[in-house]
Engineer: 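One structure, as structure tokens, below. Some questions next.
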Number of protein chains: 2
Amino acid sequence: MLDDLDRNLLEILVRDARTSLKQLAAQVGLSSPSVSERLRRLEERGVIRAFTVEIDPLALGYTLQAIVRIRPLPGKLHIVQKLIEEIAEFGECDKVTGDDCFVARLFVRSIGDLDGILDRIADKAETSTAIIKAQPIRRRPPPLGTSSASSS
Amino acid sequence: MLDDLDRNLLEILVRDARTSLKQLAAQVGLSSPSVSERLRRLEERGVIRAFTVEIDPLALGYTLQAIVRIRPLPGKLHIVQKLIEEIAEFGECDKVTGDDCFVARLFVRSIGDLDGILDRIADKAETSTAIIKAQPIRRRPPPLGTSSASSS
DNA sequence: AGATTTCGGTCGAGATCGTCAAGCATTTCA
DNA sequence: TGAAATGCTTGACGATCTCGACCGAAATCT
């Protein structure tokens, strides 16, 4: 489905999405129209979900991040999910198996804000919050190579 | 530190990092050299951490994601952290307060792979794994507006 | 207050880049 | 065997970016 050239292109673009077609072409050994066509198809197929910009939350004043596990009270699941989606400070949320129904990432500027936001769901769900002290791995894509599990 | 124009630019770029300087200039009411200079400074200051491409893990065959909470055995914290960093299938890892020391996101192609990877840290840490069933909120930046907690 | 420096902006020209059409080779399929 | 489809290249045109020169407002210094 993806050949080596595609993977190569993706790798370069993950590092710098502004790499010009010309440079991309040079690095993978194609002409720029070919690269352009490949990118078009990668987008069309949904492999490339978006070209975007990664912003440092700190630069926006969000000095605190937390991982919040959320267990909605009986019958409140949908209301809670909707609420989470509407609160812009939630920067990520996954619905998971197990006791905790949701695991979410919260960006806040202060402990006070954290409290304020959790209060808004306190009557609809139980939450456990863990403050993030460090980020050993920041968001990165899974390995692009055709395989890799259990190597190094 | 950031004015309205900067925030406006960031908002546009988060949606589409390939927006041309010309278009950006038109949308915020500046000339393109000005926009160019602003972007340069946003990068320089670290506000924009990177221009990147968002890849669909599914397109690479990663049909399964999991949230893994990891509690290293006594004395094994650093070994475990290093191990996690080296395993490319970990797509995110935060060091948090509380009983669980790390919370990580794992991309795998199959349950078998999941087992294989967890086995590699099983003798150095306790783990609890939650399979991701859905993603109500995919990675998004915190609100860019000057404030927002407890609105909407 | 008045002069000066700094900061952020505009304009225009030259260089760079992306896109399009035309054409070619290889593979696939009837 | 031949026709169609795929994926590539080349070359030209138009759009975009970048760089230098210049300008004005605001802050700073004397």
Side-chain angles (χ1 to χ4, degrees), chain A residues 1-62 109 141-147, chain B residues 1-62 141-148:
Chain A
M1 190 160 184
L2 284 200
D3 65 16
D4 287 346
L5 266 57
D6 288 328
R7 269 187 290 271
N8 210 329
L9 290 173
L10 290 178
E11 232 164 71
I12 299 171
L13 287 175
V14 165
R15 274 197 291 274
D16 180 7
R18 282 181 308 183
T19 310
S20 71
L21 290 183
K22 202 181 178 189
Q23 284 175 279
L24 287 170
Q27 295 197 43
V28 304
L30 287 177
S31 64
S32 34
S34 300
V35 172
S36 176
E37 174 65 9
R38 275 175 182 263
L39 294 189
R40 199 193 56 72
R41 294 183 59 207
L42 285 171
E43 282 189 79
E44 188 187 59
R45 284 191 280 165
V47 179
I48 294 179
R49 204 135 58 183
F51 285 71
T52 188
V53 122
E54 204 186 300
I55 295 177
D56 181 5
L58 224 64
L60 300 176
Y62 295 87
R109 300 196 207 244
L144 272 53
T146 178
S147 146
Chain B
M1 189 163 185
L2 284 201
D3 65 14
D4 287 347
L5 265 58
D6 288 328
R7 268 188 289 272
N8 210 328
L9 291 173
L10 290 178
E11 232 164 72
I12 299 171
L13 288 175
V14 165
R15 275 197 289 274
D16 179 7
R18 283 181 306 184
T19 311
S20 71
L21 290 182
K22 202 182 178 190
Q23 284 175 279
L24 288 170
Q27 294 198 42
V28 303
L30 287 178
S31 64
S32 33
S34 300
V35 172
S36 176
E37 173 64 9
R38 274 173 182 264
L39 294 188
R40 198 193 57 71
R41 295 183 57 209
L42 286 171
E43 282 189 80
E44 189 187 58
R45 284 190 280 164
V47 179
I48 294 180
R49 205 135 57 184
F51 284 73
T52 188
V53 121
E54 204 185 302
I55 294 177
D56 182 4
L58 225 63
L60 301 175
Y62 295 89
L144 273 53
T146 180
S147 145
S148 116

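Residue numbers begin at 1 in each chain, while the letters A, B, ... track the order of the sequences.
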Engineer: How does protein contact run along nucleotides 11-17 of chain C, one letter per nucleotide 5' to 3', with B for base contact, S for sugar-phosphate only, - for none, heavy atoms under 4.0 Å?
Structural biologist: B-----S

Engineer: Check the distance between dG7(D)'s P and Leu9(A)'s CG and give it to me in whole angstrom.
Structural biologist: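 Taking CG of Leu9(A) and P of dG7(D), I get 14 Å after rounding.
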
Engineer: Rounding to an integer number of Å, can you tell me how far Leu24(B) CG sits from dG9(C) C1'?
Structural biologist: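 The answer, rounded to whole Å, is 17 Å.
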
Engineer: Could you state the atom-to-atom distance from CD of Glu37(B) to P of dC7(C) in whole Å?
Structural biologist: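 That distance rounds to 11 Å.
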
Engineer: Regarding Ser36(A), tell me which of base, sugar-phosphate or nothing describes its non-hydrogen contacts under 4.0 Å with the strands shown.
Structural biologist: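 If one applies the 4.0 Å heavy-atom cut-off, Ser36(A) turns out to touch the sugar-phosphate alone, with no base involved.
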
Engineer: I'd like to know if the side chain of Thr52(B) reaches the main chain of Ala17(A), judged simply by a donor and an acceptor atom lying under 3.5 Å from each other, with no hydrogens or angles considered.
Structural biologist: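 No.
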
Engineer: What is the distance from atom CD of Glu43(A) to atom CZ of Phe51(A), rounded to the nearest 0.5 Å?
Structural biologist: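 Output value for this atom pair is 5.0 Å.
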
Engineer: Base contacts versus sugar-phosphate-only contacts with protein, heavy atoms under 4.0 Å: please encode nucleotides 22-27 of chain D as B, S and - from 5' to 3'.
Structural biologist: ------

Engineer: Considering just the side-chain nitrogens and oxygens of Arg18(A), establish if one lies under 4.0 Å of OP1 or OP2 belonging to dC17(D).
Structural biologist: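 Indeed not, no polar side-chain atom of Arg18(A) lies that close.
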
Engineer: Looking only at heavy atoms, what is the nearest atom pair of Ser36(A) and Leu21(A), with distance?
Structural biologist: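 For Ser36(A) versus Leu21(A), the nearest heavy atoms are CB-CD1, 3.8 Å.
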
Engineer: Rounding to a whole Å, what distance do you find between Asp3(B):CG and dG9(C):C1'?
Structural biologist: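 The distance from CG of Asp3(B) to C1' of dG9(C) comes to 13 Å, rounded to the nearest Å.
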
Engineer: Does Arg45(B) have more than 12 heavy atoms from other residues, nucleotides or ligands lying within 6.0 Å of its CZ?
Structural biologist: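 Atom CZ in Arg45(B) is packed in, count exceeds 12.
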
Engineer: What I want to find out is whether Arg40(A) reaches Glu37(A) closely enough, with some N-O distance under 4.0 Å, to be called a salt bridge.
Structural biologist: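 Yes, charged N to carboxylate O under 4.0 Å.
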
Engineer: Between atom CZ of Arg7(A) and atom CG of Leu42(A), what is the distance when rounded to the nearest 0.5 Å?
Structural biologist: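 Rounded to the nearest 0.5 Å, the CZ-CG separation comes out at 11.0 Å.
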
Engineer: Please report the interatomic distance CG(Leu13(A)) to CG(Leu39(A)), rounded to the nearest 0.5 Å.
Structural biologist: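 Separation between the atoms: 6.0 Å.
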
Engineer: Say you draw a straight line from CG of Leu2(A) to CG of Asn8(A); how long is it, rounded to the nearest 0.5 Å?
Structural biologist: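 It is 12.0 Å, given to the nearest 0.5 Å.
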
Engineer: Among residues 39-48 of chain B, which residues get a heavy atom nearer than 4.0 Å to DNA chain C?
Structural biologist: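 Going residue by residue through residues 39-48 of chain B, the ones with a heavy atom under 4.0 Å of DNA chain C turn out to be Arg41(B).
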
Engineer: Distance from Leu9(A) atom CG to Arg38(A) atom CZ, nearest 0.5 Å?
Structural biologist: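 With rounding to 0.5 Å, CG (Leu9(A)) is 7.0 Å from CZ (Arg38(A)).
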
Engineer: Check whether any side-chain N or O of Arg109(A) sits under 3.5 Å from a backbone N or O of Leu60(A) as a donor-acceptor pair, and report yes or no.
Structural biologist: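 At least one qualifying donor-acceptor pair exists.
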
Engineer: State whether Ser34(A) places a side-chain N or O below 4.0 Å from either non-bridging phosphate oxygen (OP1 or OP2) of dT9(D).
Structural biologist: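 Looking at the OP1 and OP2 atoms of dT9(D), one of them is under 4.0 Å from a side-chain N or O of Ser34(A).
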
Engineer: Taking CG from Leu30(A) and P from dT10(D), how many angstroms apart are they, rounded to a whole number?
Structural biologist: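 Leu30(A) atom CG is separated from dT10(D) atom P by 11 Å.
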
Engineer: How far does CG of Leu24(B) sit from CG of Leu5(B), to the nearest 0.5 angstrom?
Structural biologist: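 Here the rounded value is 11.0 Å.
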
